[in-house]
Number of protein chains: 2
Amino acid sequence: MLNESTVAVLEQTGAAEPEKRIRDRSATERAILKAAKNLLAEEGFQNFGINAVARRAGCDKQLIYRYYGGLDGLVEAIGADLGNWVKDRIPEDTGGMFLLTYGDLMERLSLLFLEALRDDPLMRRIVAWEISENTEQVRRLSEARSKALGLWLDRMRGSLTPPKGIDTAAVNALIFASIQHLVLSAAAGGQCAGLVLKNGKDWEKAAGALKRLVRGVYG
Amino acid sequence: MLNESTVAVLEQTGAAEPEKRIRDRSATERAILKAAKNLLAEEGFQNFGINAVARRAGCDKQLIYRYYGGLDGLVEAIGADLGNWVKDRIPEDTGGMFLLTYGDLMERLSLLFLEALRDDPLMRRIVAWEISENTEQVRRLSEARSKALGLWLDRMRGSLTPPKGIDTAAVNALIFASIQHLVLSAAAGGQCAGLVLKNGKDWEKAAGALKRLVRGVYG
DNA sequence: CCGGTCTGTCACCAATCGGTGAGTAACAGC
DNA sequence: GCTGTTACTCACCGATTGGTGACAGACCGG
């Protein structure tokens, strides 16, 4: 599977004939998983298939069937990583701020989520996948993602009490929906509903509007 | 191309052998366009191809090349219809309400847009397509759609002046983004960010949250 | 050393894809 | 009636897809 050592050997000898690969199952498994994630992140779910993954991993597709039980298992393995997404991509601390009110919290979380999503092409593709297809594959991914997100939200909320008289579940769903669609739309076409989103200045305006929206409803 | 008259004939005679089709170019063109729209609405853009459209239209794919210049032209023809979407799917009147403030207006438009999108599977697929791919095809569709939406917004605004000190373009983009993502996510998996969206009651809660969001920022 | 298991490769399958060139049947004008 | 155009069908192309069975070589326990 063309792992680093093999490449090194090839470069040293300059040999064109197929040097034997290293027999290392776990390394191959990791290479396949990595290839799958990169492929999904870069090319999207349109051309995400057994052949494409095997090609990118530099190994035979048979190994994907053997080690992951096919594409479904591979997707599931990707989903398993998703549980750590929040921990990996979103800073834990509050940025030195004191979050006194629920509004403080939601403003902070919204902006964090916006940035994290903007910086993670794989997660963007997965979100786009979720709203485009409804297969078992995608449903599993979606479940893992929303579960992780929910846990994060709960954990960050801590002992802060949500405001009375507001359906925070519905409102928060709308807020996060707006962030996701904004980021996805921008990533796809550089704009969202006519609003250009390309350079940093554009995103500052969007972040400002997001703050206003959150503050408007949560004070 | 199995237009209505042919089907009628087949049903009358019960003949299985290929009764000759009626030679009617414009009817065939319409049948192809209709088939394409239905296919896209029902199956999504995943399996949207020349072969599938021709199969559904009941004619040879060659005709699609001849009459529309291929899939691109066909998609463009679909996009041409999009200009009339607002007019066809969204009621003109204000529902007997008096829209005195910008907040009144945006609340009304948001709810109208939410319902219209919820009722139109084709438009949902197109929106999902927009954020999943970035081909020339999709870009054209996207352009037509956002243009029509912008015109509608302008027209409905009338002489109402937007509030000072608020970046209405950015805020409205976020509001419409939230609506789109909510509806798409619900259509795909029956929920959005953990918020279940299946029966009418669920949607009433969502609409209430949307009102709150709009009123929060626009008063 | 021998036999079996593990890792990886290869060749092949039917099905489908987008695309094209040739052919056929119905019609219109003369 | 004959001719040319229009509407339409069919057969085929190469490429790619997901999927499988057979095989080769490295490794390990005996």
Side-chain angles (χ1 to χ4, degrees), chain A residues 1-7 9-10 15-33 35-36 39-40 43-76 133 135-137, chain B residues 1-7 9-10 15-33 35-36 39-40 43-76 133 135-137:
Chain A
M1 22 39 266
L2 267 183
N3 38 33
E4 306 81 341
S5 358
T6 311
V7 173
V9 167
L10 285 174
E17 57 261 30
E19 296 274 343
K20 299 300 175 188
R21 306 268 164 79
I22 295 180
R23 290 164 55 93
D24 184 342
R25 168 159 180 169
S26 72
T28 306
E29 284 180 1
R30 274 183 278 114
I32 291 174
L33 185 58
L39 181 68
L40 186 54
E43 308 284 334
F45 55 93
Q46 305 285 351
N47 301 66
F48 185 74
I50 284 279
N51 291 307
V53 172
R55 211 177 301 130
R56 176 173 279 242
C59 73
D60 196 277
K61 57 183 169 183
Q62 175 75 20
L63 298 183
I64 300 178
Y65 286 107
R66 270 220 266 280
Y67 298 156
Y68 290 95
L71 251 197
D72 294 3
L74 189 50
V75 169
E76 206 152 354
E133 253 180 352
T135 62
E136 191 58 34
Q137 279 184 1
Chain B
M1 17 43 259
L2 270 185
N3 37 33
E4 305 84 339
S5 0
T6 311
V7 172
V9 168
L10 285 176
E17 59 260 31
E19 295 272 345
K20 297 303 175 187
R21 307 268 164 78
I22 295 180
R23 289 163 54 92
D24 185 341
R25 168 159 181 169
S26 73
T28 306
E29 284 180 1
R30 271 182 281 116
I32 291 174
L33 185 57
L39 181 69
L40 185 54
E43 307 284 334
F45 54 93
Q46 305 285 349
N47 301 67
F48 185 75
I50 284 278
N51 291 307
V53 172
R55 211 177 301 130
R56 177 173 276 242
C59 72
D60 197 275
K61 58 182 169 183
Q62 176 75 22
L63 299 183
I64 300 178
Y65 286 107
R66 272 220 257 284
Y67 298 157
Y68 290 96
L71 252 197
D72 293 3
L74 188 51
V75 169
E76 206 151 355
E133 253 181 352
T135 62
E136 191 58 34
Q137 278 184 1

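Lettering of chains follows the sequences in order, A, B, ..., and the numbering in each one begins at 1. Not measured: the values here are computed from a predicted model.
Computed from coordinates, the B/E29 CD to D/dA7 C1' distance equals 11 Å when rounded to whole Å. Protein atom CD1 of A/I64 is 11 Å distant from nucleotide atom P of D/dG19, rounded to whole Å. Atom P of nucleotide D/dA7 and atom CZ of B/R30 are separated by 14 Å, given to the nearest angstrom.
Between B/G49 and A/D60, the residue whose closest nucleotide on DNA chain C is further toward the 5' end is A/D60. Comparing A/N47 and A/Q62 against DNA chain D, the residue whose closest nucleotide sits nearer the 5' end is A/N47. Map A/G70 and B/K61 each onto its nearest nucleotide of DNA chain D; the residue landing nearer the 5' end is B/K61.
For B/E76, the salt bridge (charged side-chain N to carboxylate O under 4.0 Å, His left out) criterion is met by B/R140, not counting sequence neighbours. A/Y65 is linked by a ring-ring contact (aromatic ring centres under 6.0 Å, His included) to nothing, counting only residues two or more places apart in sequence or in another chain. For B/E29, the side-chain contact (heavy atoms from CB on, under 4.5 Å) partners two or more places apart in sequence, or in a different chain, are B/R25, B/Y67, B/Y68.
Here A/R55 reaches the OP1 or OP2 of D/dT17: one of its side-chain N or O atoms lies under 4.0 Å away. In terms of phosphate contacts, B/T28 brings no side-chain nitrogen or oxygen within less than 4.0 Å of OP1 or OP2 of D/dA7. Within the structure, every side-chain polar atom (N or O) of B/R66 is placed at least 4.0 Å from both OP1 and OP2 of C/dG21.
Annotation: the span from B/Q137 atom CD to B/F48 atom CZ amounts to 7.5 Å, rounded to 0.5 Å. Between the OG1 atom of A/T28 and the CD1 atom of A/I22 there is a distance of 9.5 Å, given to the nearest 0.5 Å. Remark: B/I50 CD1 to B/I64 CD1 distance equals 4.5 Å, nearest 0.5 Å.
For B/Y65, whose side chain is taken as the heavy atoms from C-beta onward, the closest listed nucleotide among C/dT7, C/dG18, D/dT9 is C/dG18. Across D/dG18, C/dG18, C/dC10, the shortest atom-to-atom separation from the side chain of B/N51 is found for C/dG18. Looking at the side chain of B/I50, the nearest of the listed nucleotides C/dC17, D/dA7, C/dG19 is C/dG19.
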DNA chain D base-pair string [pairs: Watson-Crick or G-U under 3.5 Å; |: paired with another strand] | ||||||||||||||||||||||||||||||
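At a cut-off of 3.5 angstrom, counting only N and O atoms as typed in the model, there is a donor on one side and an acceptor on the other between the side-chain of A/R23 and the base of D/dA26.
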Any N/O pairs under 3.5 Å between the protein and nucleotides 2-4 of chain C? List them or say none.
none

Give every donor-acceptor pair under 3.5 Å between a side-chain atom in residues 51-60 of chain A and any protein atom, sequence neighbours left out.
{"residue": "A/N51", "atom": "OD1", "partner": "A/K61", "partner atom": "NZ", "Å": "3.1"}
{"residue": "A/R56", "atom": "NH1", "partner": "A/E42", "partner atom": "OE1", "Å": "3.3"}
{"residue": "A/R56", "atom": "NH2", "partner": "A/E42", "partner atom": "OE1", "Å": "3.0"}
{"residue": "A/D60", "atom": "OD1", "partner": "A/Q62", "partner atom": "N", "Å": "2.9"}

